[in-house]
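Read through the structure below, which is laid out as structure tokens, and then see the notes.
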Amino acid sequence: MAYWLMKSEPDVYGIDHLAAEPDGVEHWDGIRNYQVRNLFRDQFQPGDLAFFYHSNTKVPGIVGVMEVVSGAYPDHTAFDPDEKYYDPKSDPDNPRWLMVDVRYVRHLDRLISLAELKADPALADMRLVQRGNRLSVMPVTEAQWQHILEMEKQDDPSNR
DNA sequence: GCCAACGTTGGC
DNA sequence: GCCAACGTTGGC
């Protein structure tokens, strides 16, 4: 099984929205990036775990855990002209964009901020903290995953 | 195939 | 709101 980090803007769709869904399940739609599309298609498996990351907000960071509960399947929002992420080049007979279903697992006990993640030498190899990174879905190694869960148990060093 | 223009992401 | 970074588009 694999680990992931998935970004969303809390003002648009945050972890509280996911937690409020029936059974905590929703599809992760609107991905219009080929690298992420390929990750969905080739690597996402039911049972994988993902961090929910809040981006483009006052204190960006990791806020919770989700479980992947489906494989990749066509993102129907690409077919609808009324949708924000409508893509006329995605043909229902040959869909260009895919999505997966995720299920809310839990909130972290505290937000682990991007600043804190960046300051931790153990996470220097994370895509998230590297310069110019723009992927909204990215892999997390098992070591990084476990390290972040350990961080959750500590106080934010900047608050000490 | 090159690359300039443009659009988007997302931290700050 | 600004802007750096980078992906995509499309003319040639």
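In what follows, chains are A, B, ... by sequence order, proteins preceding strands, each numbered from 1.
Within residues 131-140 of chain A, the residues approached by DNA chain C to less than 4.0 Å at the level of any non-hydrogen atom are A:Arg131, A:Gly132, A:Arg134, in residue-number order.
If you chain together hydrophobic residues whose side chains sit under 4.5 Å apart, A:Ile31 and A:Leu98 never meet in one group. There is a path of hydrophobic side-chain contacts, each under 4.5 Å, that joins A:Val140 to A:Leu49.
Looking at heavy-atom distances under 4.0 Å, A:Lys118 makes contact with sugar-phosphate atoms alone, never a base.
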* side-chain contact (heavy atoms from CB on, under 4.5 Å) evaluation trace for A:Thr77 with A:Arg32 -> CA-CA 11 Å; A:Thr77 67; A:Arg32 300 292 180 265; 3.0 Å; yes

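A:Phe44 is linked by a ring-ring contact (aromatic ring centres under 6.0 Å, His included) to A:Trp4, A:Phe40, counting only residues two or more places apart in sequence or in another chain. By the ring-ring contact (aromatic ring centres under 6.0 Å, His included) test, A:Tyr13 is found to be paired with A:His17, residues two or more places apart in sequence or in another chain being considered. Take A:Tyr34 and apply the ring-ring contact (aromatic ring centres under 6.0 Å, His included) test, not counting sequence neighbours, and it matches A:Trp97.
Residue pairs that meet the side chain to side chain donor-acceptor pair (under 3.5 Å) test with at least one member in residues 122-138 of chain A, sequence neighbours left out, do not exist here.
For DNA chain C, the outermost nucleotides in 5' to 3' order that have an atom under 4.0 Å from a heavy atom of chain A are C:dA5 to C:dT9.
Side chain of A:Gln45 to main chain of A:Ala2: no donor-acceptor pair is present (N/O by atom type, distance under 3.5 Å, no hydrogens or angles).
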